[in-house]
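Numbering starts at 1 and runs along the sequence shown. If you're wondering where the values come from, they're calculated on a predicted model, not measured in any experiment.
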Amino acid sequence: LQESVIYINTLMVAVGAAYTLKQDGHVRVDVFYGRLSDRGKGIVNILGTVILLLPAMGYIAWVSWDYVSVSWQIRERSAENSGLPYVYLLKFGILLLCGLLILQGVAELLRNISILRRDR
């Protein structure tokens, strides 16, 4: 039972991060953002997505690819006898997190572009 909690936690973090982005729930410094118009917020969101989110998630996925793929190829298990049997599933959570955040980031990018077009 305790093992399954670890796997479920990994899945929840990966899905939860993308869901939190969708709900605009990630922490930000609202000193200036809160005072901006919808158009200004759209511009900030587009810049943040293009300059920060997508490159960071792409880089993490790229750097992690070999780490995760080797783990899957050998069906990595914990070295401890009482350790986790499916370590490769936990490592896959890294790529899942990146993939879901990239997908949601693209959705947010398109949504913010439509806000800018609407406000013209």
Side-chain angles (χ1 to χ4, degrees):
L1 179 66
Q2 189 174 2
E3 288 174 8
S4 61
V5 171
I6 293 171
Y7 299 112
I8 291 169
N9 190 340
T10 300
L11 184 61
M12 284 176 23
V13 167
V15 174
Y19 178 78
T20 302
L21 179 60
K22 179 184 184 312
Q23 297 299 319
D24 200 25
H26 284 283
V27 175
R28 73 171 56 140
V29 180
D30 276 346
V31 175
F32 301 110
Y33 185 84
R35 298 179 194 168
L36 295 175
S37 65
D38 286 344
R39 181 173 174 74
K41 289 178 182 179
I43 291 169
V44 169
N45 290 338
I46 287 170
L47 291 174
T49 300
V50 171
I51 294 172
L52 299 172
L53 177 67
L54 296 178
M57 290 302 103
Y59 178 74
I60 291 169
W62 179 66
V63 168
S64 302
W65 186 263
D66 287 339
Y67 177 70
V68 175
S69 66
V70 167
S71 183
W72 269 84
Q73 288 170 0
I74 64 172
R75 298 292 191 260
E76 186 177 3
R77 302 174 56 87
S78 176
E80 302 294 323
N81 286 336
S82 61
L84 296 172
Y86 308 111
V87 172
Y88 59 96
L89 290 176
L90 296 175
K91 290 183 179 182
F92 176 71
I94 298 167
L95 295 179
L96 180 64
L97 172 74
C98 292
L100 291 175
L101 280 173
I102 288 170
L103 284 174
Q104 187 58 47
V106 169
E108 292 297 313
L109 183 63
L110 295 174
R111 185 178 67 79
N112 283 290
I113 288 171
S114 87
I115 289 171
L116 291 183
R117 288 185 177 181
R118 182 184 67 216
D119 286 348
R120 261 198 256 182

Could you state the interatomic distance from [atom1] ([X]) to [atom2] ([Y]), rounded to the nearest 0.5 Å?
{"X": "L100", "Y": "L103", "atom1": "CG", "atom2": "CG", "answer": "6.5 Å"}
{"X": "L116", "Y": "N112", "atom1": "CG", "atom2": "CG", "answer": "7.0 Å"}
{"X": "I94", "Y": "I60", "atom1": "CD1", "atom2": "CD1", "answer": "9.0 Å"}
{"X": "L53", "Y": "Q104", "atom1": "CG", "atom2": "CD", "answer": "9.5 Å"}
{"X": "R75", "Y": "L89", "atom1": "CZ", "atom2": "CG", "answer": "8.5 Å"}

Verdict with supporting geometry, V44 and K41, side-chain contact (heavy atoms from CB on, under 4.5 Å): CA-CA 5 Å; V44 169; K41 289 178 182 179; 5.7 Å; no

Which heavy-atom pair separates A17 from L97 by the least distance, and what is that distance?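 Reported closest heavy-atom pair: CB-CD1, 3.5 Å.
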
V68 versus F92, closest heavy-atom pair with distance: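 For V68 versus F92, the nearest heavy atoms are CG1-CA, 3.9 Å.
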
In short, salt bridge (Lys or Arg N to Asp or Glu O under 4.0 Å) pairs touching residues 77-104 with sequence neighbours left out are E76-K91

Could you tell me whether W65 atom CH2 has more than 12 heavy atoms of other residues or ligands within 6.0 Å of it?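 Open: at most 12 neighbouring heavy atoms sit under 6.0 Å from CH2 of W65.
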
Hey, is OH on Y67 packed in by over 12 heavy atoms from elsewhere, all under 6.0 Å? no

Are [X] and [Y] close enough that some pair of their side-chain heavy atoms sits under 4.5 Å apart?
{"X": "V50", "Y": "L109", "result": "yes"}
{"X": "V13", "Y": "N9", "result": "yes"}
{"X": "Y86", "Y": "I6", "result": "no"}
{"X": "L84", "Y": "Y7", "result": "yes"}
{"X": "L36", "Y": "I43", "result": "no"}

Verify same cluster id: [X], [Y] (apolar side-chain graph, 4.5 Å):
{"X": "L11", "Y": "W72", "value": "yes"}
{"X": "M12", "Y": "L21", "value": "no"}
{"X": "L101", "Y": "V63", "value": "no"}

Look at the rings of W62 and Y59 and say which category their plane angle falls in: under 30° parallel, 30 to 60° tilted, over 60° perpendicular. tilted

